[in-house]
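Everything quoted here is computed from the prediction, not taken from an experiment. Every chain is numbered from 1 and lettered A, B, ... according to where its sequence line falls, protein lines coming before strand lines.
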There are 2 protein chains.
Amino acid sequence: MDEITKLTKKLQREIALNRDFVSQEEVVLLSFVHTWQQLEWLGKRFFPRFGLSDAQFNVLMILWDYRETGMRQHELASILMVNRASIGGVIDRMEKQQWVRRQRDPVDRRSNYVHITPAGIALLEKVRPVYYALFPDAFAHLNSNQQQDLLKLLERFRQGILPINKRLKEGNHEPS
Amino acid sequence: MDEITKLTKKLQREIALNRDFVSQEEVVLLSFVHTWQQLEWLGKRFFPRFGLSDAQFNVLMILWDYRETGMRQHELASILMVNRASIGGVIDRMEKQQWVRRQRDPVDRRSNYVHITPAGIALLEKVRPVYYALFPDAFAHLNSNQQQDLLKLLERFRQGILPINKRLKEGNHEPS
DNA sequence: CATTTATAATACACTTGTATATTATATTTT
DNA sequence: AAAATATAATATACAAGTGTATTATAAATG
């Protein structure tokens, strides 16, 4: 039995699939989703140990990145690929904790600039090293070349998904 | 400039990263997360066109897979890697639509067996072919060998994440 | 056999996501 | 300049995820 067959059967067991895969493409897709679920599980349990959610950690990372200028809410939403309404609530709760602050843009008064605060920076600087310390274990079974291969293949996968998403986006507009 | 450098810079632009990556591992991780976000975006907009959510589609797929026997709620939660409480609400809403039905297990009266109904099967048989029809486009840039490479690399990635998750799980139990 | 412990489902409060409507402000068009 | 259109943030209702507590039942133990 070759390696791919073994991997396929292993995945089949792990996701309790009670049938054959319909194609190799489905194997890859379900393997990708299964891998994401493992990673998501990690994030959902890791960050709350520091009193924040995974979504809040991501916001802190981005706002630290843009600590000189701050960032508008809709830009945050766009980067995180979430709805604009959703980021509002996250910022609300983080503002209550005083990890971020909102500041009206004087040039475009519709916009808020969101800034990370000293308290936010302090929290991030506590969490971030522990977060980065997970990386060696997470990538223990992938050497540098394999990491680069994975990078290339993920990029190719995205290139396939992108046009589908474009079609779905356009399809949202009914003909007028 | 070599291919990896190009891919790295492209990713940096796509996720609006305003700094250098701290390591190749971080590049791979953020590429993986970014790819997931694209795929999630797809699912969040595709399935509602058929009147269901992506979570509900996954439940229908699993229950069809186990249509002979049905499946207990906690098994569903385990396969989908979500909290048991969470699957209850999903089943509630699907039961209202009469896509699934609950049946008390006479042997273990704590358990519900959840079954897909004829209406659920009818819905799934409408959605599934359209869903599978996305695959050729999604994998258009990955030939069979590349798909197999991706499969192997994802498996290796999971092998790194698994022990971290085990540690996090054990860490939940305070010493008594 | 009675009691303790474990498990399945559910209820509750909360966070984060969705879509859509509203309000304030900018921008474009006439 | 005035009117129409677009955009940023927010409000609302809902779906689905989290953890924790409760209840019913099963399994293990004294």
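- Atom pair A:Asn58:CG and C:dG17:P shows a separation of 9 Å (rounding to whole Å applied).
- Note that OG1 of A:Thr8 is 9.5 Å distant from CE of A:Met1, once rounded to the nearest 0.5 Å.
- Applying the side chain to side chain donor-acceptor pair (under 3.5 Å) test to pairs two or more places apart or on separate chains, those with a residue in residues 86-99 of chain B are B:Asp92-B:Arg102, B:Glu95-B:Arg102.
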Donor-acceptor contacts, no H, no angles, side chain residues 76-85 of chain A, under 3.5 Å, sequence neighbours left out:
from	atom 1	to	atom 2	distance (Å)
A:Asn83	OD1	A:Ala85	N	2.9

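- One can place CD1 of A:Ile91 at 12 Å from C1' of D:dA9, the figure rounded to the nearest angstrom.
- Counting only residues at least two apart or in different chains, side chain to side chain donor-acceptor pair (under 3.5 Å) contacts with residues 55-71 of chain A are absent.
- The nearest whole Å value for the distance from the CZ atom in B:Arg72 to the C1' atom in D:dT25 is 13 Å.
- Taken to the nearest 0.5 Å, the CZ atom of B:Arg158 stands 5.5 Å off from the CG atom of A:Leu11.
- Along DNA chain C, the nucleotide nearest to A:Asp105 and the one nearest to A:Gln56 differ in position, and the one closer to the 5' end is contacted by A:Gln56.
- Note: CD (A:Glu75) to P (D:dT7) measures 14 Å, nearest angstrom.
- Note on B:His74: every side-chain N or O is 4.0 Å or more away from OP1 and OP2 of C:dT7.
- Rounding to whole angstrom units, CZ of residue A:Phe47 and P of C:dT15 are separated by 18 Å.
- Proximity of A:Arg109 to the phosphate of C:dT25: a side-chain N or O atom is located under 4.0 Å from OP1 or OP2.
- Listed candidates were C:dT16, D:dA26, D:dT18. Nearest to the side chain of A:Val90 is C:dT16.
- When only modelled atom types and interatomic distance are considered, A:Arg72 and A:Asn112 share no side-chain donor-acceptor pair under 3.5 Å.
- When the nucleotides D:dA24, D:dA16, D:dT18 are ranked by their closest atom to the side chain of B:Arg110, D:dA24 comes out on top.
- Nucleic acid contact for A:Ser53: sugar-phosphate only, since backbone atoms but no base atoms lie under 4.0 Å from a heavy atom of the residue.
- Between B:Phe57 atom CZ and D:dA16 atom P there is a gap of 14 Å when expressed in whole angstrom units.
- For the 3.5 Å distance criterion, the side chains of B:Gln24 and A:Ser144 qualify, holding a donor opposite an acceptor.
- Residue pairs meeting the ring pair (Phe, Tyr, Trp, His ring centres under 6.0 Å) criterion with at least one partner in residues 132-162 of chain A, sequence neighbours excluded, are A:Phe32-A:Phe157, A:Tyr131-A:Phe135, A:Tyr132-A:Phe135, A:Phe139-B:Phe157, A:Phe157-B:Phe139.
- Side-chain atoms of A:Ala55 lie closest to C:dG17 of the nucleotides C:dA6, C:dG17, D:dA6.
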If you restrict it to nitrogen or oxygen atoms, what contacts under 3.5 Å exist between nucleotides 21-23 of chain D and the protein, and what is each distance?
none

Could I get a table of every N or O pair under 3.5 Å where one atom is in the protein and the other is in nucleotides 10-13 of chain D?
from	atom 1	to	atom 2	distance (Å)
D:dT10	OP1	A:Asn112	ND2	3.4
D:dT10	OP2	A:Gln73	OE1	3.1
D:dT10	OP2	A:Gln73	NE2	3.1
D:dT10	OP2	A:Arg102	NH2	3.2

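- The local environment of NZ in B:Lys6 is sparse, with at most 12 non-hydrogen atoms from other residues, nucleotides or ligands closer than 6.0 Å.
- Here the CG-CG distance, from A:Leu42 to B:Asn165, works out to 4.5 Å after rounding to the nearest 0.5 Å.
- Contacts of B:Val114 with the nucleic acid, taken as non-hydrogen atoms under 4.0 Å apart, are absent.
- At whole-Å resolution of the value, CG in B:Asp54 and C1' in C:dT18 are 10 Å apart.
- Under 4.0 angstrom from either OP1 or OP2 of C:dT16 there lies at least one side-chain N or O belonging to A:Arg93.
- Summarising the geometry, the separation between CG on B:Leu60 and C1' on D:dA16 is reported as 16 Å, rounded to the nearest angstrom.
- A:Val59 comes within contact range of no nucleotide atom at all, as no heavy-atom separation falls under 4.0 Å.
- Within the 4.0 angstrom heavy-atom criterion, only backbone atoms of the sugar-phosphate kind lie near A:Ser111; the bases stay farther away.
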